[in-house]
Amino acid sequence: MSTQGVKPNTKFKLYGMQRVTTEELQILILLYQPLIGPVATSFYLTLNTLATRGQEEEYAHHFLLQMLNISMDDLIEFRHKLEAVGLIQVYCHKGDGTLAYSVRKPMQAKEFFNDGIINVFLNLKVGHPEYQQLKRLFAEEAPEIEGENISKPFNEVFDTTILMRSSAMLQASPLPTNQTDKKGVTLELSFDKELLFSLLHQFGMDETMVSQKLLDQINRIAFLYKLDEHELARLIFDALDTDGFVNLELFRKQAKQYFQFLNKGKPVEVVEVPQVNPENLSHTPEQEQLSKEKQLLLVLSQHPLEFLRFKQHQKEPVPADRQLVEWLVVDQQMAAGVVNVLIDYVLNISDGRLPKQLVEKIAGEWQRKEIDTTEKAIAQVKATLKAKHKRELEKTVPAANKVYAKPTRVVRKEQVPDWLKEQGATQEDKKSLSDDDLQKIERMKELQNQLLNKKG
C-alpha cells in the first residue's frame with residue numbers, strides 16, 4: 001500500500017513515547033515552526049502527546065482530522081513536512097496497510113545550527129537578522145571562572161601502553177547505533193557516487209580519502225548548491241590541504257562562491273517541491289480536466305533545473321543546458337513556470353535538444369509579448385502549435401478540393417491602332433444611319449458598279 005493511498009479510516013500506531021522537554025518545545029516553536037508552519041507543529045505535538053499517553057492504542061486518521069480540523073490532503077501535506085525535517089518516520093505494513101508513526105525528538109539547538117541544511121533554510125526563511133537573533137537566544141555561554149585550569153589530561157593519568165597490551169582481551173567498541181535514532185534532515189544521495197569517485201581518481205585521489213562522514217557533508221553541499229559530479233570533483237580537489245586531506249570548510253566556502261558566481265551573487269532559494277496525491281483526484285470529466293490542469297501547473301511550478309532533471313529521467317543536465325536555464329532565470333528574469341513551459345516546448349519540437357539560438361529567439365519573443373505567467377506561456381504554445389498545424393494542413397489539401405473565392409471579372413482593354421479605331425467608328429456611324437439613308441447608299445453603289453462595268 002502506498003502512503004499516497006491513506007484514507008480517513010486507515011489505521012495507524014504510534015511509537016517513540018518520549019515527553020518533550022521545555023527546551024525541546026522552545027526549539028520546536030522557534031526553529032522548526034518557521035519552516036513547517038503552525039499547523040504542522042500542532043500535528044507533531046498531537047502525535048507526541050498521543051504516543052506518550054496512548055501506549056499500544058490504535059487510531060484511525062479520522063481521529064487526527066477531527067483533532068486538527070483539517071482535510072485529508074492537508075494532513076498528508078503537513079505529514080510530509082514533518083518527515084522532511086526528521087520529526088517523524090512513517091512505516092507501512094504490507095499486509096493490512098496500517099501505518100506506524102515513529103515520533104522523533106527535535107535536534108538540540110547546537111545540532112540544528114550546525115546541520116548545514118536545515119539551518120540554511122531557516123536563515124533564508126526568516127531573514128539573516130532574525131536568524132542571528134534566534135542564534136543568540138540559544139547560544140550557550142560558558143561560565144567565566146577565575147583562575148588557571150590545572151585539570152590533568154587523560155594521557156597523564158592513564159598509561160596508553162597498558163591499554164594497547166590488553167586490547168586483545170578488552171575489545172572495546174562503541175554502543176551499537178540504530179539508523180532510525182539518527183536525528184536531523186535525511187537526504188538521498190544527490191549525485192552518482194561511482195562517477196564522482198571515478199572523476200576523483202583522474203585527479204589522483206583515492207576513494208578511501210573520502211570517508212562516509214565527509215561524503216555525507218559533500219552530499220549536503222551538493223544538494224544545497226545544485227552541484228553535479230564534475231563540479232564536485234573539481235571543488236574537492238581544489239579543497240585539498242598540504243597533507244592531501246579535504247578541508248571541509250574550504251570546500252564549503254568554494255562551493256558557495258561558485259554557486260554565487262553562476263547565479264550573479266544571488267542567494268540559495270527555498271522551494272517546496274509540490275506533492276500530488278493521485279488517490280484524491282476526481283473522476284467526473286470536468287473535474288478530471290481541472291485536476292489534470294492543476295497537476296500540470298504543479299509540475300511546471302518547480303525549479304527549472306529540477307524540471308529539466310524530470311524531463312531527463314532524473315539525469316543531471318549537461319553544463320550547456322544548465323547555463324542556458326540559468327540565463328533564462330537570472331539574466332532574463334523569467335518566472336520558473338514560464339521557463340519550464342519554454343523548455344518543454346523546445347524539447348518537443350527539437351527532438352529532445354535545447355538549441356541555444358532557438359531558446360533565445362523564443363525567449364525574446366515571449367519577453368516582447370509580456371508572457372510572464374505559466375498560464376500565458378501555455379496559451380502561447382497552444383496558439384503557436386495551432387497556427388503551425390493550420391499551415392501544414394493547407395499544404396496537404398489537394399488543389400481540386402480547395403475552395404477559392406470567385407474573382408471579379410476584369411475586362412481587359414487592349415491598346416488598338418488608330419486605323420482600327422477609325423474603322424470601328426465608321427461601323428458605329430453606319431449603325432446610327434436611318435433606313436432611307438442606307439437604301440440611297442445601296443443605290444449609289446449599284447450605279448457606281450454599272451458605270452465601272454460599262455467602262456470595262
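Sequence positions, counted from 1, serve as the residue numbers for this chain.
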State whether the number of non-hydrogen atoms from other residues, nucleotides or ligands found under 6.0 Å of [X] atom [atom1] is greater than 12.
X: K376; atom1: NZ; result: yes
X: N69; atom1: CG; result: no
X: Q332; atom1: CD; result: yes
X: K13; atom1: NZ; result: no
X: E58; atom1: CD; result: yes

Could you tell me the separation between the [atom1] atom of [X] and the [atom2] atom of [Y], rounded to the nearest 0.5 Å?
X: K390; Y: L385; atom1: NZ; atom2: CG; result: 15.0 Å
X: F112; Y: I117; atom1: CZ; atom2: CD1; result: 11.5 Å
X: E77; Y: I70; atom1: CD; atom2: CD1; result: 9.5 Å
X: M67; Y: Y59; atom1: CE; atom2: OH; result: 9.0 Å
X: L28; Y: K105; atom1: CG; atom2: NZ; result: 11.0 Å
X: R322; Y: D228; atom1: CZ; atom2: CG; result: 5.5 Å

_Counting the benzene-type ring for Trp, do F12 and F63 have ring centres under 6.0 Å apart?_
no
*Is the gap between the ring centers of H230 and F191 under 6.0 Å?*
no
*Using modelled atom types only, decide if a donor and an acceptor are shared between the side chain of D115 and the backbone of E111 within a distance under 3.5 Å.*
no
Do the side chains of [Y] and [X] get nearer than 4.5 Å, heavy atoms only?
X: L47; Y: I88; answer: yes
X: Q257; Y: K253; answer: yes
X: H62; Y: T10; answer: no
X: Y131; Y: F113; answer: yes
X: V85; Y: I118; answer: yes

*Side chains of D73 and S71: donor-acceptor distance under 3.5 Å anywhere?*
no
_Quick one about Q89 and Y91 (side-chain donor to acceptor, distance below 3.5 Å, no hydrogens or angles considered), yes or no?_
yes
*Using the ring of each side chain (for Trp, its six-membered ring), is Y345 parallel, tilted or perpendicular to W366, with breaks at 30° and 60°?*
parallel
*Hey, is R368 close enough to E365 for a salt bridge, meaning N to O under 4.0 Å?*
no
